[in-house]
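A note on names: the letters A, B, ... follow the listed sequences, proteins ahead of strands, and every chain is numbered from 1.
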Amino acid sequence: MKLYPFSVAKVINEADNARSYLLQPNNGALPSLQYQPGQFISLHITQPDGTKKTLSANLSSAPSKDTIIITINRENADDTSRWIYNNLKEGQQLQASALRGGFNIRSTNNTLAVLIDDTGIIPVKALLEQELEQNRRPVKLFYDCKSYHSIIFRKEIDQLRENFPQQFECLYHLSLGADESHANTLKAFIKSCDFADFFLCGQNKHNLLCEEVLTNLGISNHDIYIENSSLRDTQVKRSQKDNESGEKQITQFLATLDGKKHSVQYKEGQTLLECMLSAGLDPYYSCSDAHCGYCMAIKKTGELTMQKANVLSDGDLERGYVLLCQAIPISEDVWVDCDA
Amino acid sequence: MSKIGTIESVWRYPMKSMRGEPADGVFVSYSGVMGDRVYALTSSTADQEFPWYTARRQENYILYKARFKRNKRTKQPAAMDIALDHPAGLNPPYPPEGTFDVEIETPEGQIFDVRDPAFIAGLEGKYTDAKLTLQYTQRNMVDCRPVSLFSLQTVEQLRQETNLDIHPLQFRANFYINWDEGGPFYEDELVGKRIKIGDRLEVMILERGYRCKLMTIHPETAQSDTRLLKHVIKTRKGMAGVYAAVLKEGAVSSGDAVCIVDEGDEAT
């Protein structure tokens, strides 16, 4: 994977527990800053003690802006995100991959109804700005947050309401933990959305509640798009749901590399590749986006899910090949052979 | 100008990711080898930045043969010499679209016009759940750079290092070269150098080529062996062969001399 040098040009306090970081590519290191809503960037940071941290961070800046901004919400964040929140300062140097990923929402004239929580707003902010500035379809936002002070991008959203009064509506729902009240408010909001495409973006609990309410209201799956803001993988949602229902959390997996078998700590939501890099291992990889096949490994035991596997043929899958950059364990006994 | 090698063969791949064909005397324009990767299939489930349907996803796709129905007319623009000899250095106009019509022969021996819906229908459902769409351009749908070069010495070295049955076409280069004195991976040393091939063509070697899983698929058996990819990643940082940009257009044939344009050589 090609890495580009960046510096942190500015740190912005967005809300309680949320900060944005304006990243500037060094000396035009990136040939272009063109990107799409929903894309993310992999940050590679070397700490003062020499240990390396990697993190895939959603972009919160809109494609029309000539900047890259990532936003970190410390609430429910993993260790690396918290480390960034606490330690990344203006002027600091880091390396990052080219931008990857993206939302998959169909382009129609229907209302776009966006149901988010306070993690979902980070990638969705760019989508809102793009939809309102470039398209004419109505956009309705349901924003579930814990308190008034935890509303990330409140100023920007209020500004959008002012700029697009006919096209954009927003409902802040301050969640006090009562699911029934939450569901009822959500139900009323959804009922107000005629001929809408529903886009869910948030943590698993939020998405499951929204999905349940939508289903109960008879909304077709065809009109529902789900993005898990922390996992980026709808299949993973299933394993997390299982965990919530009482199964054991996955804490480690085994990886054979250069003839040695390693026990690697697993961090929820990360790929095997990200975990191996965090553990200081040096597996083969390049694009981190399922294109090149550098990180092909054989699954010896256990169950995995992959967000995509573009480079693998049916024969590869039958032989047990997986892509470390896409693989997320869904059982406790995962063992991959990276030398195969 | 110093001669460093000879073109062993010139290849183009009319349909991206399918078997290629030798193309002696073919014109090389700024966008690449004429007729190279002018057709491709895109997949509805692939990423935007790499939408192609390739043999990486269906290995036996590499056994499909794409060939031009009017092969001779797809090698050079009609007015190539007149345009190139013009004092202004005119860019020769390509033949009309229909000239590049292609037929596809499947591994089972069925032959389809590339635009026949039955061709794509034969892939959809059988090999992929995605919707496939035919793409066409006169000017090359290459992944990275207009022209790729690979030496036979490098192929042989990789054979020896891996003890694998490696076919040169696994690297899907446009030009295979025999170095006069240069050894394996000599092409790596040419990055940044200006190279003249044959009478007119001049290219600048831009960078070493990043390889991917496609390199592991044998073009005659469609068998994939990841050991080659792992070996190249481990020993060559995943790179083998080089990419070039075209500085001066011209035709190329096997047997053409490959020369380094020295700094003192007269600008052409």
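The backbone N or O of B:Gly238 sits less than 3.5 Å from a side-chain atom of A:Tyr294, completing a donor-acceptor pair. Remark: side-chain polar atoms of A:Lys308 are not paired, donor with acceptor, to backbone N or O of B:Ala46 under 3.5 angstrom. No side-chain donor-acceptor contact under 3.5 Å links B:Lys234 to the backbone of A:Tyr284.
Using a 4.5 Å cut-off between heavy atoms, A:Asp282 does not touch chain B at all.
A distance of 10.0 Å separates CG of B:Asp143 from NE2 of A:His291, quoted to the nearest 0.5 Å. In this structure, A:Cys292 SG and B:Ile233 CD1 are separated by 7.0 Å, a value rounded to the nearest 0.5 Å. Note that CG of A:Asp316 is 5.0 Å distant from CD of B:Glu59, once rounded to the nearest 0.5 Å.
Comparing B:Lys237, B:Lys213, B:Gln58, B:Arg227 by how many heavy-atom pairs each has under 4.5 Å with chain A, the most go to B:Lys213. By number of non-hydrogen pairs under 4.5 angstrom with chain A, the leading residue of B:Arg57, B:Lys230, B:Met215 is B:Arg57.
Looking only at side-chain heavy atoms (C-beta outward), B:Thr226 and A:Tyr321 come within less than 4.5 Å of each other.
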